[in-house]
Colleague: 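The structure's right below; bear with me while I get my questions together.
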Amino acid sequence: MASLLQESSQKVLTPEILRSAAKQSQGCLVVPVRLRRAIKKYLRDHEVSHLKRKVLRLSQSFSGIKDVNLQLAAATSKELVEDPLKSVEQSKRWKIKSVYGDIGFQYTDDETIAYVASRMPAVFSACYRVLNEVRRRLPDFSPTSVLDFGAGTGSGFWALREVWPHSIQKVNIVEPSQSMQRAGQSLIQGLKNLPLIHGYDSIQSLNKDISKSEREHDLVIASYVLGEIPSLQDRVTIVRQLWNLTKDVLVLVEPGTPQGSNIISQMRSHILWMEKRKWKKNENKKNIASKDLVTQTCGAYVVAPCPHDGKCPLEKSGKYCHFVQRLERTTTQRIYKRSKGESLRGFEDEKFSFVAFRRGQRPRDPWPLDGMRFETLKEQHAKRNPEDLEIDYEDLLKMENQVQVVPYQEVDPVSYDSDVMETEVLDDGEEEEGEEQGEPALADLGGGWGRIVFSPRRRGNHITMNICRSTKRDASEGSFDQVVVTQSQNPTLHHQARKSIWGDLWPF
């Protein structure tokens, strides 16, 4: 394996540590047994006729919502996001006219059941992927209080339980659909060590019920909900309210469509603009004693996926920033998504767009390859010892004789029932949650790690990747570049690129 030479830097960065720190993507995710059991039990208790037809109708309703959102004028969107003060009268600036649930699509009991059967595992997988990356990028972050806006049937809550099983003590849920709230409560019945959970139908009712000192939450998450708010002004208003309820981290997740990515880009621009404006206003004040406090309370930076806080370089490129999470389909998904009597494949790919903000100023960490020089393939070959190339054929034959070949048997995807086959793995009293293996190496937030957007293209010894990365040391600006890595020029990074997939980090 290619070696990595140190010059001035004192840190040790081996190829293994490099790969571990850059790895942010998940493989094919298996929905936890506990959630699969809860969904199957819920569907047994709420039998609905013609559920397959209602699953299809639900999908068509989501497409209708997308069409409503696409009617927004691009010019108005840009003006409102970049400078809302110019677009809205002072007295009516942040008054909500339409909210989640007010666009002609209400979740009835039948639609809620169809959602649990078809969409909940995929939404859980996207939320888990995003929250798990937040945990890795912020190892010091362990939320105790959480606000889940647009909670639906609780996909985000289940993901929170998997990522931070022991730290969460209080969860406030905002969900206007009573049917969705009832489904979420039914699904968590029987779970042990649940945090304190309160449900509300709007942010306004939440603010009325709790005191001002308790309104800030360590973590606020809004997943798959902003796209169901038709008015951009109301969308911005709600995100501002969510940001005001955030003490530390805000996470927004939307479907990985051009519209979903556009919503995330707009909200990202607005929050960064808003905090930058607030920072400049406080910085102009000459009260030196309060500057340390301002540094801690003002400002915001992007934890993921963006490696910088500048303007999104994909805005006018014709491309949109999104990622994909593969998940193994549950048996209920295979039953109710089946069409024309044919079985579906055993997995599906959930595309999503997201952004995670943290309050404060971005850390000024050194970039990962500072003080490092890579050997070329020619230099490595020149340093090889001829004795290392000798092969002891007697030892090789002994090793081959000791190897036992086990024939591979592929499981039939039609007859395979993961819920049944894994039932005996856990007892009721066994703690499934919170079992963590050794922590991998972590990538810092100093701006030196780029992000691989779209799948790398491999052609011979050349690997081409699309990288979103920071162009300044303070991560104030970024670019979207095509990077070509060859084995002859840099075998270490070439090996790194071969192991990298869509969504991973890149060390420069």
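All values below were derived from every heavy atom in this structure, side-chain atoms included, with hydrogens, water molecules and symmetry-related copies excluded. Since the model is a prediction, treat every value here as computed from it, not as a measurement.
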Colleague: Quick one: pull up CD in Glu175 and OG in Ser202 and give me the separation to the nearest 0.5 Å.
Modeller: 11.5 Å
Colleague: Looking at Arg457, I'd like to know if its CZ atom is crowded, meaning that more than 12 non-hydrogen atoms belonging to other residues, nucleotides or ligands lie closer than 6.0 Å.
Modeller: yes
Colleague: Find out whether Phe357 and Glu275 are in side-chain contact, i.e. whether some heavy atom of one side chain is under 4.5 Å from a heavy atom of the other.
Modeller: no
Colleague: Do the side chains of Glu111 and Arg119 get close enough for a salt bridge, i.e. N-O under 4.0 angstrom?
Modeller: no
Colleague: Could you tell me whether the side chain of Pro32 reaches within less than 4.5 Å of the side chain of Glu162, counting heavy atoms only?
Modeller: yes
Colleague: How close do Glu254 and Gly260 get, counting heavy atoms only, and between which atoms?
Modeller: CB-O, 3.8 Å
Colleague: Ignoring hydrogens and angles, tell me if any N or O in the side chain of Gln266 forms a donor-acceptor pair with the backbone of Val236 under 3.5 Å.
Modeller: no
Colleague: Show your working on side-chain contact (heavy atoms from CB on, under 4.5 Å) between Gln487 and His495 and close with a plain yes or no.
Modeller: CA-CA 8 Å; Gln487 186 178 22; His495 188 73; over 6 Å; no
Colleague: Please check: side-chain N/O of Thr246 versus main-chain N/O of Asp248, any donor-acceptor pairing under 3.5 Å?
Modeller: no
Colleague: Testing the 3.5 Å rule here: is there a donor-acceptor pair between the side chains of Ser205 and Asp201?
Modeller: yes
Colleague: If you measure from CG on Asn262 to CE on Met267, what distance do you get to the nearest 0.5 Å?
Modeller: 8.5 Å
Colleague: If you apply the rule side-chain contact (heavy atoms from CB on, under 4.5 Å), what do you find for Gln24 with Arg136, and how did you get there?
Modeller: CA-CA 8 Å; Gln24 301 297 322; Arg136 287 199 61 193; 4.0 Å; yes
Colleague: If only atom types and distance count, is the side chain of Thr153 paired as donor or acceptor with the main-chain N or O of Gly184 below 3.5 Å?
Modeller: no
Colleague: Decide yes or no for Val220 and Val249: does some side-chain heavy atom of the first lie under 4.5 Å from some side-chain heavy atom of the second?
Modeller: no
Colleague: Less than 6.0 Å separating the ring centroids of Trp164 and Phe141?
Modeller: yes
Colleague: Any side-chain donor-acceptor pair under 3.5 Å between Ser25 and Asp504?
Modeller: yes
Colleague: Checking Arg451 side chain against Leu505 main chain: does a donor-acceptor pair fall under 3.5 Å?
Modeller: no
Colleague: List the steps and the verdict of ring pair (Phe, Tyr, Trp, His ring centres under 6.0 Å) for Phe352 and Tyr224.
Modeller: CA-CA 9 Å; Phe352 62 95; Tyr224 289 74; 8.2 Å; no
Colleague: Testing the basics here: between Pro313 and Cys468, what is the closest heavy-atom pair and its distance to 0.1 Å?
Modeller: CG-SG, 4.1 Å
Colleague: Taking Ser167 for its side chain and Pro143 for its backbone only, find out whether a donor-acceptor pair lies under 3.5 Å.
Modeller: yes
Colleague: Decide yes or no on side-chain contact (heavy atoms from CB on, under 4.5 Å) for Thr464 and Arg459, but give the supporting numbers first.
Modeller: CA-CA 8 Å; Thr464 305; Arg459 295 175 181 173; 5.9 Å; no
Colleague: Identify the residue among Val171, Ile173, Ile210, Asn172 that makes a side chain to side chain contact (heavy atoms under 4.5 Å, CB included) with His198.
Modeller: Asn172
Colleague: How close do Gly199 and Gln181 get, counting heavy atoms only, and between which atoms?
Modeller: CA-OE1, 4.3 Å
Colleague: Please name all residues satisfying ring pair (Phe, Tyr, Trp, His ring centres under 6.0 Å) with Phe347, sequence neighbours left out, ordered by chain then number.
Modeller: none
Colleague: Heavy atoms, side chains only, cut-off 4.5 Å: are Tyr301 and Val303 in contact?
Modeller: yes
Colleague: Nearest 0.5 Å, what's the CG-CZ distance between Leu206 and Phe149?
Modeller: 10.5 Å
Colleague: Looking at Lys23, I want to see if its NZ is surrounded by more than 12 non-hydrogen atoms of other residues, nucleotides or ligands under 6.0 Å.
Modeller: yes
Colleague: Between Leu131 and Gly156, what is the shortest heavy-atom contact and its length?
Modeller: CD1-O, 4.4 Å
Colleague: Taking the side chain as every heavy atom from C-beta outward, state whether Leu160 and Leu219 have any pair of such atoms under 4.5 Å apart.
Modeller: yes
Colleague: Write down the atom of Arg362, the atom of Asp474, and the distance for their closest heavy-atom approach.
Modeller: CD-O, 4.4 Å
Colleague: Please round to the nearest 0.5 Å and tell me the distance separating atom SG of Cys306 and atom CZ of Arg268.
Modeller: 4.0 Å
Colleague: Counting only N and O atoms by type, is there a donor-acceptor contact under 3.5 Å from the side chain of Arg326 to the main-chain atoms of Gln26?
Modeller: no
Colleague: Given 3.5 Å as the limit, does a donor-acceptor pair link the side chain of Asp309 with the main chain of Val302, or not?
Modeller: yes
Colleague: Using only atom types and a distance under 3.5 Å, with no angle test, would you say the side chain of Arg235 pairs donor to acceptor with the backbone of Ile229?
Modeller: yes
Colleague: On a heavy-atom basis, which atom in Leu35 and which in Val31 lie closest, and how many Å separate them?
Modeller: CD2-CG1, 3.7 Å
Colleague: Does a salt bridge link Arg129 with Asp349, judged by any charged N lying under 4.0 Å from a carboxylate O?
Modeller: no
Colleague: To the nearest 0.5 Å, what is the distance between CD on Gln325 and SG on Cys127?
Modeller: 11.5 Å
Colleague: Below 4.5 Å, heavy atoms only, C-beta onward: do Gln241 and Gln204 meet side chain to side chain?
Modeller: yes
Colleague: Between Asp218 and Lys247, is there a salt bridge with N-O shorter than 4.0 Å?
Modeller: yes
Colleague: Could you pull out all residues at least two apart from Tyr320 that satisfy ring pair (Phe, Tyr, Trp, His ring centres under 6.0 Å)?
Modeller: His322
Colleague: Apply the test side-chain contact (heavy atoms from CB on, under 4.5 Å) to residues Phe480 and Val453: give CA-CA distance (whole Å), side-chain angles for both, the deciding distance (0.1 Å), then the verdict.
Modeller: CA-CA 9 Å; Phe480 183 73; Val453 185; 3.9 Å; yes
Colleague: If you count every heavy atom of other residues, nucleotides or ligands that lies below 6.0 Å from Lys170 atom NZ, does the total exceed 12?
Modeller: yes
Colleague: Please round to the nearest 0.5 Å and tell me the distance separating atom NE2 of His270 and atom OG1 of Thr237.
Modeller: 8.0 Å
Colleague: Taking the side chain from Ser479 and the backbone from Asp481, do they hold a donor-acceptor pair closer than 3.5 Å?
Modeller: no
Colleague: Just by modelled atom types, is the Tyr128 backbone N or O under 3.5 Å from a matching donor or acceptor in the Asn132 side chain?
Modeller: no
Colleague: Is any side-chain heavy atom of Leu245 closer than 4.5 Å to one of Ile203?
Modeller: yes
Colleague: Which word best sums up how the rings of Phe323 and Trp502 line up, parallel for under 30°, tilted for 30 to 60°, or perpendicular for over 60°?
Modeller: tilted
Colleague: Using a 4.5 Å cut-off on heavy atoms from C-beta on, say whether the side chain of Ile463 contacts that of His494.
Modeller: yes
